[in-house]
Engineer: 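Submitted below is the structure of interest, expressed as structure tokens.
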There are 2 protein chains.
Amino acid sequence: MAVTANSSQEALCIAADWGTSNVLFWLLGTGGNPLSEVRSDLGLSRMTDRKFAVVLEETAGELNAPAGLPVVICGMAGSRQGWVEAPYVETPASLDAVLLNAVKVPGQQRDVRILPGIAQKSEAAPDVMRGEETQLLGLPAFSGSRTVCMPGTHCKWVKLDGRTVTGFTTFLTGELYHLFATASLLRHSVDAAARMPPDDADFLETCSQLIKQPELLPARLFGIRAAGLLHGLSPSRASAVLSGLLIGAEIGAARKTHSERGVTLVGAGRLGGLYETALKMAGCQVEPVDAEEIVRNGLYDAASAFWAKTERRSL
Amino acid sequence: MAVTANSSQEALCIAADWGTSNVLFWLLGTGGNPLSEVRSDLGLSRMTDRKFAVVLEETAGELNAPAGLPVVICGMAGSRQGWVEAPYVETPASLDAVLLNAVKVPGQQRDVRILPGIAQKSEAAPDVMRGEETQLLGLPAFSGSRTVCMPGTHCKWVKLDGRTVTGFTTFLTGELYHLFATASLLRHSVDAAARMPPDDADFLETCSQLIKQPELLPARLFGIRAAGLLHGLSPSRASAVLSGLLIGAEIGAARKTHSERGVTLVGAGRLGGLYETALKMAGCQVEPVDAEEIVRNGLYDAASAFWAKTERRSL
């Protein structure tokens, strides 16, 4: 469903964050503001017949996008299983190199470009991202180096030096929560849908311990089940303990390689709140930014580089 | 199916290690040797209608057990969801207290006794075991204190002071391997059924690093997927890396609280070999014992205490 803002501003492009499960489409104005948006569940995992072009044209209609308006896309649509592969840029990766390595989808009436992800090819710590590089592109301008924490199903910790990604680490924290709460022995003990606030006492206590001793994670999981049997720990409290274990272990481990005090936290809502509380417990100065806003800004930045008639700041 | 040994020795009891998935039944002679055995998949998870008595009588027939011969059982049959609950003995738990707290199943023609598990009720590290206490009972006699490592789906690390369990920790290592290899993002990258030998180079390298830095576990899981994409890591090599991560993280964390050099390793076969190699890398002196032999010895020890006509050493 399209949400249309009242604006007479000229449209610059269609922008899409095409992930594994969901897609966010915007019609972006020449100033970067969203003129309309569509949220879809036609992520990569439902694109079995590679009907990207069909979905895109249908959505362009919903967005009231002019015919022939160009399109910029980030995320899993550029993976090997996606629409057209946009091969990874390697670390150390300048964010300008991400723009320069965008891949044009052949045979389309519109000018459709897909942004590449970033790969860290080191033998010791191989890693990849797709979509997060565009969020990084959309961060407010800054100088010097910083750590960016990007919570989610697969949480990324990124080291940025100016506009260059020097290294990053992916933690499966969100996926592990789901797996443990729904498919492991703990499924009988944990209410997977519980939604504790960031000041929940069980979350705080567990998280604070794991930040100090992240190696305890595999030793503490079974304790959730045992606490249910022995102390009557409720499924909603068990959920808070599980979140505390996973987020604490992630931050405790990440802080060993990302030791800067200042951390830009990409996220919003309840999960963002949990991470903000936990990062502060770990002694970080947290600068929260909104994930959706920065990915849209990053897509706009790319579109401006490709198609704007005026000079841009970055390239 | 019963395997019957050629022995004219008199039968002392039927002994059963009744777990969640499988059951091992033995007809034990007065000297402790197995006169016959039956392996069954009628574990607790298939006992929905609580037909324990029926399964036991059918198996007694297969074992050629005399009518009225008594029965000693350990494991999940004594859990709240089992045949009759045998409430946990609390740590510090003397193994003699395990025998003294066996529960007699009411209303049976045979004298059927179920051994209790052990609970560690501490708020900080609640934990439970059922079945392992009987393996501990069957360890060769020793004096002083020792660490016992019991690999499996839910691996236990136990501190024994003489015949007293002073504390223990459960690691979900076996279950995590299965979950990650079959239900997580890594399922596309890992051959869950791969069976590398203990001297596999990927296993050794990963395990050795995690023993030193166990906090890296959540930071290294996604790297298995990335190494497949970037370096063509094969699914069988990925399985060795996953095993190395999990066993290394377990041993690295366990060694912080179980720091004794000597470790009794309860296990056999390939998994036992992986743990033996890993424990030696961690600087442990490993004394391997056979899991099945010691649980049978433990059940015999219990049966002797209950029903033997001669004096026993332990009680």
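Worth saying up front: this structure is predicted, and the values here are computed from it rather than measured. So that the names make sense, note that chain A is the first sequence line, chain B the second, and so on, each numbered from 1.
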Engineer: Which one of B:L210, B:L246, B:D127, B:I224 has the most heavy-atom pairs closer than 4.5 Å to chain A?
Structural biologist: B:D127
Engineer: Is chain B contacted by the side chain of A:S122, its backbone, both, or neither, given a heavy-atom distance below 4.5 Å?
Structural biologist: backbone
Engineer: Sort out for me which of B:Q120, B:Q213, B:K256 touches chain A most, counting heavy-atom pairs under 4.5 Å.
Structural biologist: B:K256
Engineer: Applying side chain to side chain contact (heavy atoms under 4.5 Å, CB included), run through A:F180 and B:L172 and close with a yes or a no.
Structural biologist: CA-CA 11 Å; A:F180 293 158; B:L172 294 180; 6.0 Å; no
Engineer: Under a 4.5 Å heavy-atom cutoff, which of B:R80, B:E250, B:H154 has the most pairs with chain A?
Structural biologist: B:H154
Engineer: If you tally heavy-atom pairs under 4.5 Å against chain B, which of A:T169, A:L217, A:L186, A:L185 wins?
Structural biologist: A:L185
Engineer: Taking all heavy atoms of B:E215 and all of A:P214, pick out the closest pair and write down the distance.
Structural biologist: CB-CG, 3.5 Å
Engineer: Using 0.5 Å steps for rounding, measure from the NZ atom of A:K156 to the CZ atom of B:F222.
Structural biologist: 4.0 Å
Engineer: Nearest 0.5 angstrom please: A:H188 NE2 to B:Q81 CD, how far?
Structural biologist: 9.0 Å
Engineer: Flag the one option from A:A227, A:A119, A:A219, A:G252 with the top tally of heavy-atom pairs under 4.5 Å to chain B.
Structural biologist: A:A219
Engineer: Drop me the distance from A:L233's CG to B:E123's CD, to the nearest 0.5 angstrom.
Structural biologist: 9.5 Å
Engineer: Name the region of B:A254, side chain, backbone, both or neither, that has any atom closer than 4.5 Å to a heavy atom of chain A.
Structural biologist: neither
Engineer: Find the one option among B:P218, B:G223, B:A253 whose heavy-atom pairs under 4.5 Å with chain A are most numerous.
Structural biologist: B:P218
Engineer: How long is the straight-line distance from NE2 of A:H178 back to OG of B:S184, given to the nearest 0.5 Å?
Structural biologist: 11.5 Å
Engineer: Pair A:L221, B:L176 - check side chain to side chain contact (heavy atoms under 4.5 Å, CB included), show working.
Structural biologist: CA-CA 10 Å; A:L221 291 168; B:L176 295 186; 4.3 Å; yes
Engineer: Identify the heavy atoms of B:L230 and A:P126 that sit nearest to each other, and give their distance.
Structural biologist: CD1-CB, 4.2 Å
